Amino acid sequence: MIYVEFLGPIPKESVEIEAASLRELSDILSRDEDVKEWLSSSAVAVNDTLVSSLDTKLKSGDRVSLLPPVCGG
Amino acid sequence: MIYVEFLGPIPKESVEIEAASLRELSDILSRDEDVKEWLSSSAVAVNDTLVSSLDTKLKSGDRVSLLPPVCGG
Amino acid sequence: MLELASTELDVPEILTRWYTLELQNNFGAYIPFVGIVREEGGISALSFDVYEPLLRSWFDTWQTRAKEKGAKIRMAHSKGDVRVHASSFIAAVFSPKRRVALEFIDEFVEDFKANAPIWKYDVLGNKRVYAKDRSTPIKGSGILGKSR
Amino acid sequence: MLELASTELDVPEILTRWYTLELQNNFGAYIPFVGIVREEGGISALSFDVYEPLLRSWFDTWQTRAKEKGAKIRMAHSKGDVRVHASSFIAAVFSPKRRVALEFIDEFVEDFKANAPIWKYDVLGNKRVYAKDRSTPIKGSGILGKSR
């Protein structure tokens with residue numbers, strides 16, 4: 001199981017999901033009505049490191065964070 | 001008579017000089033051993049306005065300031 | 001050197017404390033950037049969510065870059081609500097030379113705006129409305145949306 | 001908005017006073033630049049001559065430029081001696097928008113260095129030595145030397 005958290009304004013609580021790669025996670029989240037509109041504008045971190053490839057492998061216990069558009073200051 | 005002042009590090013007290021233009025003043029100051037080395041690096045203000053032409057006319061009572069290289073802050 | 005506060009920032013206290021802390025380090029330039037909540041659009045406050053782990057690693061990368069130039073960065077940001085005319089963000093660069101400090105404060109603040117993991121909301125009445133139009137996708141965003 | 005002091009500058013007092021004075025003007029960014037005398041070359045202090053009439057007209061030109069962008073500039077400078085680790089120069093830009101403030105503080109400080117009528121001396125023992133190598137001729141300098 002991996003742990004997925006939705007940061008900032010994304011209106012969804014954290015969930016546990018079975019997925020072996022970000023590509024697989026993408027397939028699952030794109031069927032989620034609350035989340036799918038955020039996917040094309042959000043950055044992705046695995047265990048607090050930003051990642052840039054859908055081929056990133058996931059292993060049990062990994063924590064994936066979705067970061068929607070930001071505006072600090 | 002015009003009044004000429006030498007600002008900052010130029011080692012000369014203010015003087016009164018008879019000169020009808022900056023060109024004439026330039027001729028006079030370039031014969032002054034204390035001042036001549038500063039002429040090519042100094043800016044010139046007449047009555048506290050910077051001027052850029054040697055043809056600037058001077059009239060009695062004008063105040064000419066020589067401003068050597070600066071370094072504020 | 002990264003401070004997160006659960007209230008609005010005390011500008012005089014922070015500017016003075018940072019100045020005093022660095023006095024012995026022989027820096028020649030100190031440039032703070034103070035961000036103040038403007039009164040506009042009928043808001044009473046802004047509100048902020050901060051994702052601290054990534055903010056810290058983002059900040060550490062900048063601190064390393066600054067150190068390579070002999071400079072140092074300090075930053076403070078609020079979490080939660082910050083009223084109109086109060087401060088939510090202060091960043092400062094200390095450097096031996098002014099040129100380095102002037103360039104760092106500009107690049108740091110711009111990258112902060114574009115990539116620091118902080119989300120802004122307008123507080124309108126008792127509603128908290130995500131400032132979507134003023135927000136920017138973090139560098140590299142969108143990979144999860146590309147598999148369709 | 002241009003303050004000349006016959007002593008070193010009180011950095012916390014000035015940064016706080018300026019911030020407080022502008023609080024009601026709904027600026028979104030406040031960027032001070034604080035110049036601090038570095039300990040180097042065996043100096044005990046720097047010393048400054050200021051030609052006030054031209055400094056004021058130079059400053060007024062900048063204030064007009066700032067006002068056209070909705071911004072405001074404040075500046076303080078010392079006359080006479082300023083010890084190592086003390087401050088001789090503070091400038092600040094207030095602006096509704098950060099981009100304008102970041103650009104103004106950079107351009108203002110660089111033009112200040114190049115053209116403000118202030119002369120700097122190293123204080124070495126009890127001698128006051130003109131900092132010739134670090135000084136820059138004001139824009140348009142040299143006309144009196146060209147008639148030969």
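Basis for what follows: all heavy atoms, side chains included, without hydrogens, waters or symmetry-related copies. Since we're looking at a predicted model, the values are computed, not measured. Below, chain A is the first sequence line, B the second, and so on; all start at residue 1.
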Verify the neighbour count for atom CZ of Arg128(D): are there more than 12 heavy atoms of other residues, nucleotides or ligands below 6.0 Å? yes
Shortest non-hydrogen contact between His85(D) and Asn26(C), atoms and distance: CE1-OD1, 3.1 Å
First locate atom CZ of Phe108(C), then atom CG of Leu102(D), and finally report the distance between them rounded to the nearest 0.5 Å. 12.0 Å
In terms of heavy-atom pairs under 4.5 Å with chain C, the winner among Ser87(D), Ala86(D), Pro32(D), Gly35(D) is Pro32(D)
Taking 4.0 angstrom as the limit, do Arg99(C) and Asp106(D) come out as a salt bridge? yes
To the nearest 0.5 Å, how far apart are CG in Leu15(C) and OH in Tyr30(D)? 6.5 Å
Sort Phe33(D) into side chain, backbone, both or neither according to what part of it lies under 4.5 angstrom from a heavy atom of chain C. both
Spatial distance of atom CD (Gln24(C)) from atom CD (Glu39(D)) [nearest 0.5 Å]: 9.0 Å
Please check if the number of heavy atoms outside Arg38(C) that lie under 6.0 Å from its CZ is greater than 12. yes
To check you understand the geometry: which heavy-atom pair defines the closest contact between Ile36(C) and Phe27(D), and what is its length? CB-O, 3.5 Å
